[in-house]
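Written out below as structure tokens is the structure these notes cover.
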Amino acid sequence: MKNIILILSILFTFSCKSQTYPLRTYTDVPDNSYLKDIDNELNDYIGTWKAIWNNKTIYIYISKEINKYTLYTYMDYLIIKFKVTDATGTILFDNTNLPNDKVKIEGVNFKSGENKYFLSYVDRDLCMRSGTIIINFTDSTKTQLKWHYGEDENWLDSDCFYKNYPPAQRPEPLPYDAIFTKK
């Protein structure tokens with residue numbers, strides 16, 4: 001009897017494989033399912049991109065994570081590392097050496113019914129500054145990327161190094177709006 005229960009348990013375990021769904025699935029999916037970039041939509045974003053804003057240059061390095069576990073499901077998503085320099089070339093921000101599991105910008109998914117890709121930004125080095133980034137291509141050549149960053153309200157606790165700085169002197173790691181060109 002014990003052997004039968006053991007065999008049935010093993011068979012049940014193997015029959016409960018996770019299911020694969022397209023990345024643009026917007027309905028509830030079972031836990032441990034895989035939202036896969038079946039159409040390779042994320043591949044067009046991969047690479048090095050450059051924009052200029054407020055006398056600063058920002059380079060973003062976009063790569064794709066495949067079959068990574070996020071909360072309740074596995075999925076393919078984009079990650080972004082970035083480097084910001086001032087007009088003289090001095091590096092102001094650089095997180096390009098972070099391991100992929102510690103990046104500050106991670107993909108969420110495409111907005112339902114649109115070709116806008118949402119990402120989440122959380123910067124532990126800047127007092128948990130956070131927000132949402134939306135990217136999309138400006139035309140069919142996919143060599144220019146429109147970027148919009150919406151910053152969350154940033155409650156600064158007393159330990160934050162820039163708490164008493166006036167807003168104009170606070171760190172500004174990301175542009176709010178920019179057009180990036182693929183390099």
Side-chain angles (χ1 to χ4, degrees), residues 23 35 41-66 68-73 75-112 114-139 142-183:
L23 188 60
L35 294 175
E41 293 181 83
L42 299 178
N43 292 352
D44 292 327
Y45 293 92
I46 296 171
T48 302
W49 300 79
K50 176 184 174 184
I52 297 174
W53 103 99
N54 292 346
N55 293 319
K56 299 175 193 172
T57 302
I58 181 169
Y59 297 91
I60 59 173
Y61 306 91
I62 302 178
S63 60
K64 179 178 169 180
E65 291 289 290
I66 297 172
K68 298 293 181 178
Y69 189 73
T70 61
L71 227 44
Y72 302 107
T73 61
M75 71 181 299
D76 298 341
Y77 60 92
L78 297 176
I79 61 170
I80 298 179
K81 297 179 183 183
F82 61 92
K83 178 170 70 172
V84 179
T85 61
D86 66 14
T88 66
T90 302
I91 297 173
L92 303 173
F93 302 96
D94 185 358
N95 63 38
T96 57
N97 290 322
L98 289 176
N100 288 357
D101 63 339
K102 302 285 187 206
V103 295
K104 298 176 183 200
I105 302 174
E106 288 186 314
V108 176
N109 207 341
F110 287 96
K111 183 174 182 180
S112 180
E114 296 186 30
N115 286 322
K116 295 180 178 184
Y117 189 77
F118 281 67
L119 300 112
S120 172
Y121 168 63
V122 177
D123 198 328
R124 289 165 192 80
D125 297 324
L126 293 177
C127 306
M128 298 305 286
R129 176 176 252 159
S130 62
T132 301
I133 298 165
I134 304 168
I135 57 175
N136 61 286
F137 296 110
T138 61
D139 62 18
K142 298 182 179 179
T143 57
Q144 291 198 329
L145 189 67
K146 184 177 180 183
W147 165 288
H148 175 74
Y149 166 53
E151 188 172 34
D152 293 340
E153 189 165 343
N154 192 10
W155 298 98
L156 302 178
D157 62 27
S158 60
D159 294 339
C160 181
F161 69 93
Y162 62 86
K163 179 174 178 52
N164 295 317
Y165 289 25
Q169 293 179 358
R170 292 181 179 170
E172 188 179 45
L174 300 173
Y176 289 100
D177 292 290
I179 300 292
F180 284 82
T181 304
K182 195 164 195 174
K183 297 286 143 200

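Heavy-atom basis, side chains included; hydrogens, waters and symmetry copies ignored.
Listed by chain and number, the residues in a side chain to side chain donor-acceptor pair (under 3.5 Å) with S130 are D152 (sequence neighbours excluded). Residues satisfying the salt bridge (Lys or Arg N to Asp or Glu O under 4.0 Å) test with D125, not counting sequence neighbours, are K104. With sequence neighbours left out, D177 forms a side-chain contact (heavy atoms from CB on, under 4.5 Å) with H148. Residues passing the side-chain contact (heavy atoms from CB on, under 4.5 Å) test with D159 are D157, sequence neighbours excluded. Applying the ring-ring contact (aromatic ring centres under 6.0 Å, His included) test to F93 and every residue at least two apart in sequence or in another chain returns nothing. Every residue meeting the side-chain contact (heavy atoms from CB on, under 4.5 Å) condition with L156, not counting sequence neighbours, appears here in chain and number order: C127, N154, C160, Y162, K163, R170. Contacts of F137 classified as ring-ring contact (aromatic ring centres under 6.0 Å, His included), with partners at least two apart in sequence or in another chain: Y45. The side-chain contact (heavy atoms from CB on, under 4.5 Å) test applied to K102 returns P99, not counting sequence neighbours. Here Y176 pairs with Y149 under the ring-ring contact (aromatic ring centres under 6.0 Å, His included) rule; sequence neighbours left out. Annotation: salt bridge (Lys or Arg N to Asp or Glu O under 4.0 Å) contacts of K50 (sequence neighbours excluded): none. Not counting sequence neighbours, Y77 has no partner by the ring-ring contact (aromatic ring centres under 6.0 Å, His included) test.
Using a distance-only test at 3.5 Å, with no hydrogens or angles considered, no donor-acceptor pair links the side chain of K81 to the main chain of I105. Counting only distance, with no hydrogens or angles, the side chain of N109 and the backbone of L23 share a donor-acceptor pair below 3.5 Å. Using modelled atom types, no side-chain atom of R129 and backbone atom of E151 make a donor-acceptor pair closer than 3.5 Å.
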Run the side-chain donor-acceptor check on residues 52-60: report pairs under 3.5 Å with partners two or more places apart or on a different chain.
from	atom 1	to	atom 2	distance (Å)
N54	ND2	E172	OE1	3.4
K56	NZ	E172	O	3.4
K56	NZ	E172	OE1	3.1

